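Below, read A as the first sequence line, B as the second, and so on, with proteins coming before strands; counting in each chain starts at 1. This structure is a prediction, so every number in the text was calculated from the model and none was measured.
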2 protein chains.
Amino acid sequence: MNSVTMQTISDGSITSVRGFQAAGVGCGIKETGAPDLALVYSEAPCRVAGVFTTNRVKAAPVLVDQLVLAKNRDAVHVAVVNSGNANACTGLQGINDAKTMACTAAAALEVKCTASLVMSTGVIGRPLPMDRIGEGIVEAQQRLSSDGGHDAARAIMTTDTRPKELAVKIQLPEQAVTCTIAGMAKGAGMIHPNMATMLSVITTDAAIASAPLQQALGDAVKRSFNMITVDGDTSTNDTVLLLANGLAGNDEIADSASPEFTVFRDGLTHVCTELAKMIVRDGEGATKFVEITVKGAPSFADARQVAMSVANSNLVKTALFGQDPNWGRVLAAVGYSGVEVDPARIALWFAPGGDGGSALQLVRDGQPCDVDEQRAREILSESDIAIIIDLGLGTEAATVWTCDLSYEYVKVNAAYTT
Amino acid sequence: MNSVTMQTISDGSITSVRGFQAAGVGCGIKETGAPDLALVYSEAPCRVAGVFTTNRVKAAPVLVDQLVLAKNRDAVHVAVVNSGNANACTGLQGINDAKTMACTAAAALEVKCTASLVMSTGVIGRPLPMDRIGEGIVEAQQRLSSDGGHDAARAIMTTDTRPKELAVKIQLPEQAVTCTIAGMAKGAGMIHPNMATMLSVITTDAAIASAPLQQALGDAVKRSFNMITVDGDTSTNDTVLLLANGLAGNDEIADSASPEFTVFRDGLTHVCTELAKMIVRDGEGATKFVEITVKGAPSFADARQVAMSVANSNLVKTALFGQDPNWGRVLAAVGYSGVEVDPARIALWFAPGGDGGSALQLVRDGQPCDVDEQRAREILSESDIAIIIDLGLGTEAATVWTCDLSYEYVKVNAAYTT
């Protein structure tokens, strides 16, 4: 996608999309008093698509949203999100609480319960404080505003150190109007791809039919949120919701083989990819952003599996934290990935991330190159690092994004519930 | 196995077995001057069995040992082991170096090259310093002694903080003589089970035929080294060698269906299990020894897969380090294990490890129990902890052992090669 068809909106948020209002308030779920409840509202009814965690232990809001989507994909108005409590492993009480939370938000906005979706993130295994959530919804409804996107993005944070938001305008081919796609996400820990992704709400004013909307979201998540990992732990709550209120006035995108669909899907993929990268950059304790590309693979799935094996290796991640060019650990992780690699064909490079300079080859045909170790250390001292692996077995490639494993990760997670 | 048939030898080592001599010396592979070369020798020829890493990137000594075992399983006399350098990802030079190392040890002891096995552990991707290793072998040969087992166990350590050794006597049924089985191992990091195991040399004086010897070792490894994990990283060098010189004088164990075989295999399994637990207790940065039992599973493989998913969760491991009873992370790891669990049937307990007291139930039928959180914290403050998970789906069970994830793990691994 080029700049002719897509443009980033400066300081954008989910309320950069026409017809969407949002708010974020603190209602006391978090003991710190930090914002912990977000409300997103569109007066115009939204088509909705969702992707959810593949964890078999699914949190109550995931189960409730799946029920709502089974009944209503065409007229959703509300998404209510809390942080500080995941409402997971909370049994029947949790299901009832999630339903009550959705219905309370629906009632505040005078829509049906089935027009309201719900998300939760935070500690697992504790009942939601429903009284506080009820008060929070009332307050958030009063504060709903077309400038409220930033407040909402702050209210869904847990161990995130900063909000994650993005908005882009896209130009559909042969249309007089532009559409907007915007998203917010939270991440930080329990981030790993056998899943939908972390919590994310995406809004758009594009007019698009139900089936292509879901397909576009599935495609986008596969290329973005499912290509990141922080710690290899797949959450019980991962959810991406995409709300499309159709207010842009474009001719409805009805066919996933159309050029309009491609532009929309690419714009959506861009939003999801940027949000996914923001999650990795703000991974718990992360000091490095690491892009791992595996090429020369027999298939995309193989390439991704090898890249994820490297990305989830604690030994690789601690070496990157230590800026230690211990590339043998990368090869070990390639070797135990489960993909049938041929050690004698593997090549490996380290490079500065982004446009930071040229790559340094460390391994050729499975054998170590004569390496300038000082240069290797310089590359690893960057905050953005690229690792490139060529398996020499085919033509497919995949890129995943991860971060390093630092003292701070251990610290953040050693006393999370306390 | 009961005390009638098995007895631990006080202060035992691999040279507690008659006919075995060993030595450990420092030859300068490690810059610290710490011991880094071990030699194990039996004048009587040994039947030998081996189990090796399943990593597709195999270190040179693994490949060389596999070649030796293909030619000679009946008359091995020597095992030479170095620490400080893994001789992995070192290409053809590495293969030649491993062969030279084995042959140098063979020559020093006046046996054929194919009577000598070789193991290496340490940094990946650097050529072995062959001159130092040559000098070390000469010195070690001069120091060979029937008291040298402890020195050998020290010389194979890398980030291990203490040697790992054990010797037991077993009483074969209907035999006048006792046999001895002893082992040494090194562990600490890059410990995960899709593999043979970490480096371990096991000696025995039992007379046993080749096929039951290999079967006994395979069985023992499956129940011991393959049931532990420190960090989920499978090494390129994992090797267990079992040398049996037959000097006990028992009637040769020829049949794996015989009662003698069972006693031998159980004794061997005991030695391997104790060594495996020592590896976990000395895991890099470990402050907790954690036993995870999954029961009520449809199969042993499912039980093991769920237990390993919990054992390898960084979020579970950091919570254990922080003594934080965040049991939701355990359930999340059960949920993403890949096994088709039913969340509504899961039960979960925390208990003090060993014989430390009664278990505290946290989850019943997938729902949280009303828990005494103070008691949960007390249990997690122990250095030995048990986690018991009942899937409620069947009758099979598996137990794995792991440790927590601490600041020290990150520290040890952030600058390993430097």
Contact part of [X] toward chain B, heavy-atom cut-off under 4.5 Å: side chain, backbone, both or neither?
X        : value
A:Leu362 : neither
A:Val363 : neither
A:Ser309 : neither

Close side-chain approach of [X] and [Y], heavy atoms under 4.5 Å:
X        : Y        : result
A:Leu128 : A:Asn82  : yes
A:Thr158 : A:Asp160 : yes
A:Asp404 : A:Thr318 : no

Q.
I need the residue from B:Pro343, B:Cys89, B:Ala86, B:Ala59 with the largest number of non-hydrogen atom pairs under 4.5 Å to chain A.
A.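 Sorted descending by pairs with chain A, the first entry is B:Cys89.
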Q | Winner by heavy-atom pair count (cut-off under 4.5 Å) against chain B, out of A:Glu340, A:Gln93, A:Gln323, A:Lys58 | A | A:Glu340
Q. Salt bridge between A:Asp372 and A:Arg375, side-chain N to carboxylate O under 4.0 Å?
A.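 Between A:Arg375 and A:Asp372 there is no salt bridge, as every charged N stays at least 4.0 Å from the carboxylate O atoms.
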(Q) Quick check on B:Lys99: does its NZ atom have over 12 non-hydrogen neighbours (other residues, nucleotides or ligands) under 6.0 Å away? (A)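 No.
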